[in-house]
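One structure is given below, encoded as structure tokens.
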Amino acid sequence: MHPAASSRTTPASTTAATATAGTTRPETGEAPQPAAHAVVARHLALRSSRGVVYGPVDLDVPTGTLAVVQGPQGGGRSSLLLTLAGRMVPDKGSTLRVLGESLPRRRDAVQKRAAIAGFHGIDDLDEAVTVGEATRERLAWLSPWYRRVPKVDQAAFAALAAPVFGDRPLPRTSTLIWDLDEVDAMLLRITFAMAQRPALLVVDDVDQVHDSLRRQTVWARLEAIAAQGVTVIAAVASLDEVARMGWVRRPEQITLATGPHAVPAA
């Protein structure tokens, strides 16, 4: 954890984290240079007409680490993650650099290198299609419009999904999304995000996997992705999630105090 950024606390919300980005892409067009942190934020905040969404938050998150955002439902976790991924614009007065890029001014550049998964209404899976059909659709979305994407067979799916699923048996491409269990559905959404080959992966609502034993599988896979050099920031409602899970390397913690009530661990 970065000594200057660890456990910063502000009146409206609380924070703690540190990280490092892979590269800095200077706005002069020069070749990317190594950056100190994947995420650097100062006084990062968002307000709506109904009041505080999140913040102010100070963050420093090291490259290739896993950071866990813990906060109650309605505490702005999703909005914070979407801000870090360049999908939402924070309040004026916020200072934010992600992957060496200044946000919101360079959000197009950040969006190309930051992938999202687990967001309700954004990357939901169509339960009426098969794993193979959903995979092909995702690959087509990432490909140039003129390039035909062939049908995805089991070998092609394995090449894409194995780094995310690890030792867990892969779903068959003929399996309907409807028939996937919670862990496999979440890992499939992460697989589709990783198809973008991001430097930053943000994952919302890990609580979609309801019981803690099965959630441990998802956390282990997110740790493995971070170990490959991708900075991972994931959100969960349980405020003691980091303390309750087993880790190879204890993740950075970002605790939001905004929102209505703390949610006890399931």
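Residue indices begin at 1 and follow the sequence shown. Everything quoted here is computed from the prediction, not taken from an experiment.
Sorted by first then second residue, the side-chain hydrogen bond (donor to acceptor under 3.5 Å, both in side chains) pairs that include residues 116-129, not counting sequence neighbours, are D123-R189, D124-R189.
In this structure the side chain of L84 reaches within 4.5 angstrom of the side chain of L44, judged on heavy atoms. Between T173 and D153 the shortest side-chain heavy-atom distance does not fall below 4.5 Å.
By the side-chain hydrogen bond (donor to acceptor under 3.5 Å, both in side chains) test, E133 pairs with T130, sequence neighbours left out. Considering only residues two or more places apart in sequence or on other chains, W247 meets the ring pair (Phe, Tyr, Trp, His ring centres under 6.0 Å) condition with W219. Residues that satisfy the side chain to side chain contact (heavy atoms under 4.5 Å, CB included) test with T175, not counting sequence neighbours, are V131, R172, D179, L180. By the side-chain hydrogen bond (donor to acceptor under 3.5 Å, both in side chains) test, S78 is found to be paired with D204, residues two or more places apart in sequence or in another chain being considered. Partners of A193 under the side chain to side chain contact (heavy atoms under 4.5 Å, CB included) rule, at least two apart in sequence or in another chain, are A115, A117, L201. Applying the side-chain hydrogen bond (donor to acceptor under 3.5 Å, both in side chains) criterion to S79, with sequence neighbours excluded, gives no partner residue. With sequence neighbours excluded, the residues satisfying side chain to side chain contact (heavy atoms under 4.5 Å, CB included) with A134 are V129, I177, F192. Considering only residues two or more places apart in sequence or on other chains, R168 meets the salt bridge (charged side-chain N to carboxylate O under 4.0 Å, His left out) condition with D181, D184. R87 pairs by the side chain to side chain contact (heavy atoms under 4.5 Å, CB included) definition with L82, A85, Q111, A114, I116, not counting sequence neighbours.
The environment of CZ in R136 is crowded: more than 12 heavy-atom neighbours from other residues, nucleotides or ligands sit within 6.0 Å.
Cluster partners of V89 are absent, since no Ile, Leu, Val, Met, Phe, Trp or Tyr has side-chain heavy atoms less than 4.5 Å from it.
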* Asked: E101 and R113: side chain to side chain contact (heavy atoms under 4.5 Å, CB included), yes or no, with the steps?
  -> CA-CA 11 Å; E101 308 281 9; R113 301 171 62 206; 4.3 Å; yes
Could you give the side-chain donor-acceptor pairs of residues 142-151 under 3.5 Å, partners two or more places apart or in another chain?
unit_1: S143; atom_1: OG; unit_2: L139; atom_2: O; d: 2.7

